[in-house]
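In what follows, chains carry the letters A, B, and so on, assigned in the order in which the sequence lines appear, proteins first and then strands, with residues in each chain numbered from 1.
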2 protein chains.
Amino acid sequence: MYALPQTRSDVTDRSCLDDFARSLQRLGVKQTRQRKVILQVFLDMEGHPSPEEIREEARRKGHRLGLATIYRTLKLLVDAGLARKLDFGDGQGRYERRDGKERHLHLICQQCGRTIEAPVATVEGRFSELAEAHSFVLHSHTTMLYGLCKACLKRAPKDTTKPTKRTCSE
Amino acid sequence: MYALPQTRSDVTDRSCLDDFARSLQRLGVKQTRQRKVILQVFLDMEGHPSPEEIREEARRKGHRLGLATIYRTLKLLVDAGLARKLDFGDGQGRYERRDGKERHLHLICQQCGRTIEAPVATVEGRFSELAEAHSFVLHSHTTMLYGLCKACLKRAPKDTTKPTKRTCSE
DNA sequence: GTATCTGCAAATTCTTTGCTTGCCC
DNA sequence: GGGCAAGCAAAGAATTTGCAGATAC
């Protein structure tokens with residue numbers, strides 16, 4: 001049986017779950033119910049969830065998790081190379097999945113705070129060259145482009161109302 | 001020709017001070033002794049100082065400042081377009097000057113935490129194209145490349161699985 | 001003169017840690 | 001069974017806020 005197409009529980013996610021299991025073994029740590037829940041919830045969520053948001057989403061699915069457990073597991077995910085920690089300047093850590101295929105950079109509107117993701121293919125080669133020139137072994141990268149999004153340009157230039165939803169993919 | 005790196009109190013800084021004075025006026029706020037000190041100290045410092053480090057450096061120069069004042073002033077600097085807030089993942093906000101001429105990106109070693117700056121010229125054009133494709137008005141950008149620096153490669157050529165920082169528990 | 005700013009400390013927010021009980025291997 | 005992990009609460013750290021006295025304009 002296959003999951004419905006709108007969710008992200010697809011082949012990619014299954015391989016992520018495998019990656020995770022393998023990573024846990026490699027790191028010499030146990031595979032627990034909570035860790036599986038957190039990974040599954042994290043992979044199913046769109047955007048860049050914060051620990052608190054992951055906990056909220058898990059609760060919605062009937063799983064009660066301690067925040068500390070989420071922080072600890074997210075750190076594991078980062079160590080395992082499955083997640084990356086980002087900072088959008090809103091005072092809390094945000095995480096995105098990292099599977100080597102969906103590389104992108106972030107366009108962050110300085111007025112409404114929304115983020116747009118764009119593929120990074122056009123600049124990635126340059127990053128590699130650059131790292132090589134510094135004898136630097138590149139593991140991952142994060143690019144933030146700050147400015148004004150289309151919507152805020154149309155809107156009144158001094159509108160400072162922040163949206164509740166931070167992420168819009170387009 | 002290359003400028004000597006000892007002090008940054010040069011023509012660039014003087015124009016920054018002017019920018020700042022102008023920006024303060026434009027924002028309708030006052031020009032105080034503390035604000036001038038903070039800007040001067042910030043411009044004179046190398047690297048990416050945190051609020052605490054700015055306070056320390058100011059004290060070394062004989063100025064006693066409240067941390068809250070520094071936070072508030074740094075926010076002003078960011079608003080005025082003279083500084084940019086960065087996150088190197090060490091749990092505190094770090095700031096860099098932003099004057100439109102010294103654009104660069106950051107190579108961050110995940111083992112020793114050291115950062116290398118590299119000119120961004122080779123990728124900047126791509127960023128502009130990309131922003132334009134999204135009808136996004138680009139103000140500034142921040143790029144972080146994570147990996148291992150030359151020194152750490154020599155030091156521990158095999159241990160690439162532990163990107164710990166000083167906040168690690170062991 | 002008055003509206004804004006500073007500095008202090010308290011408050012807030014995000015994140016980590018200590019410890020006891022529970023669960024994975 | 002032994003040791004790692006979860007959950008809770010308390011600690012810790014970074015940042016923000018409230019307010020009384022000080023200061024720029």
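Going from atom CG of A/Asp87 over to atom P of D/dA14 covers 14 Å, rounded to whole Å. A straight line from CD of B/Gln92 to P of C/dC14 spans 18 Å, rounded to a whole angstrom. Remark: P of D/dC4 and CD of A/Gln34 are 17 Å apart, rounded to the nearest angstrom. Atom pair B/Lys36:NZ and C/dT6:C1' shows a separation of 15 Å (rounding to whole Å applied). As a whole-Å value, the separation of A/Asp90 CG from C/dT12 C1' is 15 Å. Atom CD of A/Glu52 and atom P of C/dT12 are 17 Å apart (whole Å). Here D/dA22 presents its C1' atom at 14 Å from CZ of B/Arg35, a figure rounded to the nearest Å.
Using a 4.0 Å heavy-atom criterion, one finds that A/Lys85 contacts no nucleic acid atom at all.
The salt bridge (Lys or Arg N to Asp or Glu O under 4.0 Å) contacts involving residues 70-83 of chain B comprise nothing, where partners must be two or more places apart or lie in separate chains. Residue pairs meeting the ring-ring contact (aromatic ring centres under 6.0 Å, His included) criterion with at least one member in residues 57-76 of chain A, sequence neighbours excluded, do not occur.
Remark: A/Thr73 pairs with no residue by the side-chain hydrogen bond (donor to acceptor under 3.5 Å, both in side chains) rule, at least two apart or across chains. Judged as a side-chain hydrogen bond (donor to acceptor under 3.5 Å, both in side chains), and not counting sequence neighbours, the contacts of B/Glu53 are B/Arg94. The side-chain hydrogen bond (donor to acceptor under 3.5 Å, both in side chains) search around A/Glu96 returns A/Arg84, A/His104, A/His106, not counting sequence neighbours. Residues passing the salt bridge (charged side-chain N to carboxylate O under 4.0 Å, His left out) test with B/Arg59 are B/Glu56, sequence neighbours excluded. Residues that satisfy the side-chain hydrogen bond (donor to acceptor under 3.5 Å, both in side chains) test with A/Glu57, not counting sequence neighbours, are A/Arg60. Shown here are the side-chain contact (heavy atoms from CB on, under 4.5 Å) partners of A/Glu52, two or more places apart in sequence or in another chain: A/Ser50, A/Arg55, A/Leu67.
For the helix from C/dG1-D/dC25 to C/dC25-D/dG1, the end axes, each set by the C1' atoms of five terminal pairs, are bent relative to each other by 40° (nearest 10°).
Between A/Lys75 and C/dT16, a side-chain N or O to OP1/OP2 separation shorter than 4.0 Å is present.
We find the OG1-CG distance between B/Thr142 and A/Asp87 to be 9.5 Å, quoted to the nearest 0.5 Å.
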Any N/O pairs under 3.5 Å between the protein and nucleotides 23-25 of chain D? List them or say none.
{"from": "D/dA24", "atom 1": "O3'", "to": "B/Gln31", "atom 2": "O", "distance (Å)": "3.4"}
{"from": "D/dA24", "atom 1": "N3", "to": "B/Lys30", "atom 2": "NZ", "distance (Å)": "3.1"}
{"from": "D/dC25", "atom 1": "OP1", "to": "B/Gln31", "atom 2": "N", "distance (Å)": "3.1"}

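Place A/Leu76 and A/Arg55 on DNA chain D by their nearest nucleotides, and A/Leu76 ends up nearer the 5' end.
Judged by distance alone, the side chains of B/Glu117 and A/His134 never bring a donor and an acceptor atom under 3.5 Å apart.
Near DNA chain C, defined here as any heavy-atom distance below 4.0 Å, the residues from residues 64-73 of chain A are A/Ala68, A/Tyr71, A/Arg72, listed numerically.
Under the 3.5 Å distance criterion, the side-chain polar atoms of A/Arg35 are matched with a main-chain donor or acceptor of A/Lys30.
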